[in-house]
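Read the numbers this way: they start at 1 and go in the same order the structure lists the ligands and their atoms. Only this structure's heavy atoms are used, side chains among them; waters, hydrogens and symmetry mates stay out.
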Amino acid sequence: MSDIKRSCADCAAISCHKGDGNYPPFCLSENMDKEFRDKAVAKYTGEELKMMQVAAVVECDGYGQLTRVQETIDFAKQMGYKKIGIATCVGLIRETNTLAKILRSHGLEVFGIGCKVGEVLKRDLEIEPRCDKTGVNICNPILQAETLNKENTDFNIIMGLCVGHDMLFTKHSNAPVTTLVAKDRVMGHNPVAALYTSNWYYTKLFGDEK
Ligand code: SF4
């Protein structure tokens with residue numbers, strides 16, 4: 001369709017990374033208003049500048065060697081975070097038990113909160129009754145966030161919150177949030193596997209519009 005607004009989502013060149021100058025005609029980097037860019041860059045100050053600096057060091061020092069769990073610990077330590085919140089899906093509680101042990105073994109304090117906390121019924125939020133087949137209680141991401149806010153955690157880890165619940169948790173969390181596990185009940189919580197296989201085995205991911 002000709003009315004599609006092209007963006008980095010359509011790019012195969014990634015010349016902004018390679019530095020080879022072969023920008024596509026719609027390149028956001030090439031065509032960007034410099035003042036707009038500079039205003040955004042000027043926002044990296046204080047704690048957020050430190051996050052950028054630490055993230056870069058974690059990336060370059062552990063590149064291709066550290067797992068995401070190790071990188072998360074490394075990042076927390078270099079940022080000086082002491083108390084880690086975990087917002088977990090109850091379906092991943094065993095993995096969260098393990099994560100808590102690992103974090104504590106690195107001297108970090110842990111406070112976790114399961115998604116069904118508060119035991120609020122789906123019917124109380126006027127959720128469609130057929131959704132009771134996966135459990136009568138809601139996942140409760142706002143209550144998870146507010147509990148971790150009350151605990152004054154330094155940063156929070158998402159462990160497999162559902163699509164949508166993760167958005168609400170992130171929106172209501174006072175502390176910065178990172179996702180360790182992105183829930184995918186079909187792909188072993190590895191959503192990108194569906195993309196890797198979508199050109200042949202998993203073509204059903206595509207809709208009708210070209
Ligand atoms: S900034 Fe330009 S080169 Fe980089 S990904 Fe976007 S379109 Fe591609």
Side-chain angles (χ1 to χ4, degrees), residues 1-79 81 87 89 141 145 155-210:
M1 275 187 282
S2 57
D3 58 348
I4 290 177
K5 186 173 183 181
R6 299 293 173 188
S7 65
C8 298
D10 305 292
C11 180
I14 54 167
S15 298
C16 53
H17 171 60
K18 293 179 185 164
D20 59 9
N22 291 323
Y23 305 107
F26 55 82
C27 178
L28 297 197
S29 198
E30 256 299 85
N31 300 314
M32 183 164 285
D33 177 74
K34 301 303 175 217
E35 195 182 327
F36 177 77
R37 183 198 65 178
D38 293 347
K39 271 189 185 168
V41 174
K43 290 184 178 173
Y44 295 117
T45 57
E47 187 76 357
E48 293 183 351
L49 178 60
K50 185 175 176 188
M51 289 172 94
M52 289 296 290
Q53 293 165 341
V54 170
V57 168
V58 169
E59 182 199 16
C60 78
D61 287 352
Y63 203 89
Q65 298 174 64
L66 296 188
T67 64
R68 177 81 184 209
V69 172
Q70 291 169 307
E71 286 185 338
T72 303
I73 292 165
D74 206 2
F75 184 82
K77 287 185 139 182
Q78 291 197 47
M79 285 299 297
Y81 295 152
C89 168
F155 95 117
N156 295 326
I157 296 173
I158 287 180
M159 284 287 286
L161 298 187
C162 306
V163 174
H165 300 151
D166 55 356
M167 298 176 200
L168 288 167
F169 176 79
T170 303
K171 181 176 177 191
H172 288 266
S173 169
N174 288 346
V177 178
T178 191
T179 298
L180 186 64
V181 178
K183 172 175 275 167
D184 190 323
R185 298 179 182 90
V186 176
M187 292 291 173
H189 307 303
N190 181 29
V192 75
L195 304 179
Y196 293 146
T197 55
S198 65
N199 289 327
W200 192 268
Y201 300 107
Y202 222 66
T203 51
K204 69 179 180 182
L205 281 183
F206 288 92
D208 293 332
E209 293 197 28
K210 300 292 177 211

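In this model, a donor atom of one side chain and an acceptor atom of the other lie less than 3.5 Å apart for R68 and T178.
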Considering only distance and modelled atom types, tabulate donor-acceptor pairs under 3.5 Å from the side chains of residues 15-25, sequence neighbours left out.
unit_1, atom_1, unit_2, atom_2, d
S15, OG, D20, OD1, 2.8
S15, OG, N22, O, 3.0
K18, NZ, A13, O, 3.3
D20, OD1, N22, N, 3.1

With a cut-off of 3.5 Å and sequence neighbours excluded, list every side-chain donor-acceptor pair involving residues 36-54.
unit_1, atom_1, unit_2, atom_2, d
K50, NZ, M79, O, 3.3

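Put simply, the side chain of N31 never gets that close to the backbone of L28: no donor and acceptor are under 3.5 Å apart.
Partners of Y81 according to the ring pair (Phe, Tyr, Trp, His ring centres under 6.0 Å) rule, which considers only residues two or more places apart in sequence or in another chain, are F155.
Take a cut-off of 2.8 Å around atom 4 (Fe) of ligand 1: the protein N, O or S atoms inside it are C16 SG.
Between M187 and A193, the shortest heavy-atom contact is SD-CB, 3.8 Å.
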